[in-house]
Protein chains: 2
Amino acid sequence: MKDSQNGPGTSLIDYPRPSVAVDTAVLTVADGSVCVLLVRRAEDHQHGRWALPGTFLRERETLADAVLRCLREKAGISGRVPRQLQVFDDPARDDRGWVLSVAHVDVVPLAALEEALASDGVRLAFVTREPELIAGLPYGHADIVAKAVAWLRAAYAEAPDPGELLAEPFTLKDLRELHETVAGSMLMRDTFRRFMEPKLQGTGQMSDGTRGRPSRLWVRDKS
Amino acid sequence: MKDSQNGPGTSLIDYPRPSVAVDTAVLTVADGSVCVLLVRRAEDHQHGRWALPGTFLRERETLADAVLRCLREKAGISGRVPRQLQVFDDPARDDRGWVLSVAHVDVVPLAALEEALASDGVRLAFVTREPELIAGLPYGHADIVAKAVAWLRAAYAEAPDPGELLAEPFTLKDLRELHETVAGSMLMRDTFRRFMEPKLQGTGQMSDGTRGRPSRLWVRDKS
DNA sequence: TTGATTTAGATCATTTCTGCGCTAATTGCT
DNA sequence: AGCAATTAGCGCAGAAATGATCTAAATCAA
């Protein structure tokens with residue numbers, strides 16, 4: 001790859017360089033709905049508005065590291081596995097200059113967010129129940145949320161709780177309700193069971209203390 | 001998104017910035033195999049080696065524009081619809097400095113490459129038949145090729161010839177042979193027909209001059 | 001204690017899908 | 001002209017998946 005005509009011995013790369021930012025949609029499930037984490041902007045630019053947590057890349061920092069640092073610094077949470085979604089490159093996207101933003105998604109269980117949510121600089125937004133809030137986010141963050149949710153749906157259609165939102169062990173009913181929340185629609189009980197059971201690892205245990213007949217308990221397949 | 005503590009009135013963004021490059025895997029089908037376009041590096045760095053065409057981003061240029069410019073300048077071809085695959089951010093990936101590379105894929109029919117292939121600075125590599133050539137590409141380009149081919153396979157499993165490789169009109173047999181090449185395996189004739197027919201638009205015409213019984217001719221659905 | 005309610009897990013009939021095989025239509029060879 | 005080879009398109013039987021039904025096992029309310 002790389003440039004066209006650089007003089008002999010050119011080791012530094014003297015081309016114009018964009019600022020590179022990472023923006024992250026932290027998704028979780030709360031109250032039977034998919035939620036995204038927002039932070040109130042502490043910076044001068046768009047000060048006080050709710051937005052996705054984001055930061056500029058530091059020297060030689062990898063994108064995943066920048067995402068995790070940003071979540072720690074701006075939201076006070078510890079990220080899990082940031083995944084790239086897309087690079088947004090609209091030159092007019094940010095009026096401060098030429099900025100490329102690499103959108104990411106990360107899935108974090110609600111329990112790991114509770115502490116951070118005590119701060120009034122951090123909140124959750126219900127993705128489907130608060131469409132106007134999401135649509136009003138600055139910097140085209142609404143597109144990122146949409147991409148993130150689409151990614152989440154695709155991931156949950158493939159495997160049992162790939163975001164590790166459920167505490168182990170769990171019943172197939174727990175798992176199905178989570179997947180229904182993510183999918184936004186009812187899932188057929190038998191079809192779901194037939195698809196997921198072979199992808200799970202059974203513990204010998206049964207649920208109890210719950211209403212109705214006890215159910216087998218499962219954990220995500222570690223293999 | 002964006003930085004943490006910038007002084008009042010800061011409109012320029014004074015953080016360290018990486019060089020940003022785009023690298024593109026131009027895929028096509030030739031000789032019944034999936035191929036990727038390589039160019040001989042004209043630059044000092046890795047001079048003369050085969051590599052994917054790539055370039056550094058110019059001021060305020062979008063990624064797609066950079067890809068199309070790069071294909072025009074380095075390979076002498078006109079790209080179609082560049083799609084982002086992934087950002088490669090390994091700090092040690094390029095020994096010239098801190099470089100982020102945004103990998104892209106574009107699908108171009110062989111006919112649109114023939115002219116460029118006359119040059120000895122441009123060639124095709126058979127993705128499956130020349131594994132050692134692909135594996136030996138510099139800058140981790142082998143990973144990009146792998147991602148590009150995976151993307152191509154996924155796209156061709158969903159829709160009839162999404163890369164628009166076939167000249168219209170075509171028969172279902174033409175289409176199936178193309179999809180078999182991309183998939184790298186035989187596809188069941190009837191299953192393929194049942195899946196693709198509703199996604200195609202029929203012309204009233206029939207193929208003729210060909211061996212065997214004439215077949216209906218189709219075009220990709222424009223709706 | 002007893003019956004209503006809830007949920008789990010298995011069985012079963014029905015629908016849907018898959019892949020084989022038959023017939024039709026054409027070219028090319030003798 | 002006639003036969004072999006090739007390909008298209010459709011019908012059909014077997015396979016697989018689906019969604020409903022039935023029974024079992026527990027809690028909760030009276």
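Quick caveat, the model's predicted, so the values are computed rather than measured. Per chain, numbering begins at 1; letters A, B, ... match sequence-line order.
A salt bridge links B:Lys74 with B:Glu43; the closest basic N to acidic carboxylate O contact falls under 4.0 Å.
Looking at residues two or more places apart in sequence or on another chain, you find no salt bridge (Lys or Arg N to Asp or Glu O under 4.0 Å) involving B:Arg153. With sequence neighbours excluded, no residue forms a salt bridge (Lys or Arg N to Asp or Glu O under 4.0 Å) with A:Lys147. Under the salt bridge (Lys or Arg N to Asp or Glu O under 4.0 Å) criterion, A:Asp31 pairs with A:Arg129, not counting sequence neighbours.
Residue pairs meeting the side chain to side chain donor-acceptor pair (under 3.5 Å) criterion with at least one partner in residues 104-127 of chain B, sequence neighbours excluded, are B:Arg123-B:Glu130.
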* To do: Test B:Thr24 against B:Leu52 for side chain to side chain contact (heavy atoms under 4.5 Å, CB included), laying out the working first.
  => CA-CA 6 Å; B:Thr24 308; B:Leu52 297 183; over 6 Å; no
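B:Glu177 places its CD atom 14 Å from the P atom of D:dT6, with the value rounded to the nearest Å. Distance CE (B:Met206) to C1' (D:dA8): 8 Å, rounded to an integer number of Å. In this structure, B:Lys173 atom NZ and D:dG9 atom C1' are separated by 15 Å, rounded to whole Å. When the P atom of D:dG9 is taken as reference, atom CZ of B:Phe192 falls 13 Å away, rounded to whole Å. Atom CG in A:Leu187 sits about 14 Å away from atom C1' in D:dG19, given to the nearest Å.
Using a 4.0 Å heavy-atom cutoff across all strands shown, B:Arg194 reaches at least one base atom of the nucleic acid.
Here chain B contacts DNA chain C (any atom closer than 4.0 Å to a heavy atom, that is under 4.0 Å), and the contacts span C:dT18 to C:dG28 from 5' to 3'.
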Atom pairs under 3.5 Å: protein N/O with N/O of nucleotides 21-26 of chain D:
{"from": "D:dA24", "atom 1": "N3", "to": "A:Arg213", "atom 2": "NH1", "distance (Å)": "3.1"}

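Between A:Thr28 and A:Pro109, the closest heavy-atom pair is OG1-C, 3.5 Å. The minimum heavy-atom distance between A:Trp50 and A:Leu38, with the atom names listed, is CZ3-O, 3.7 Å.
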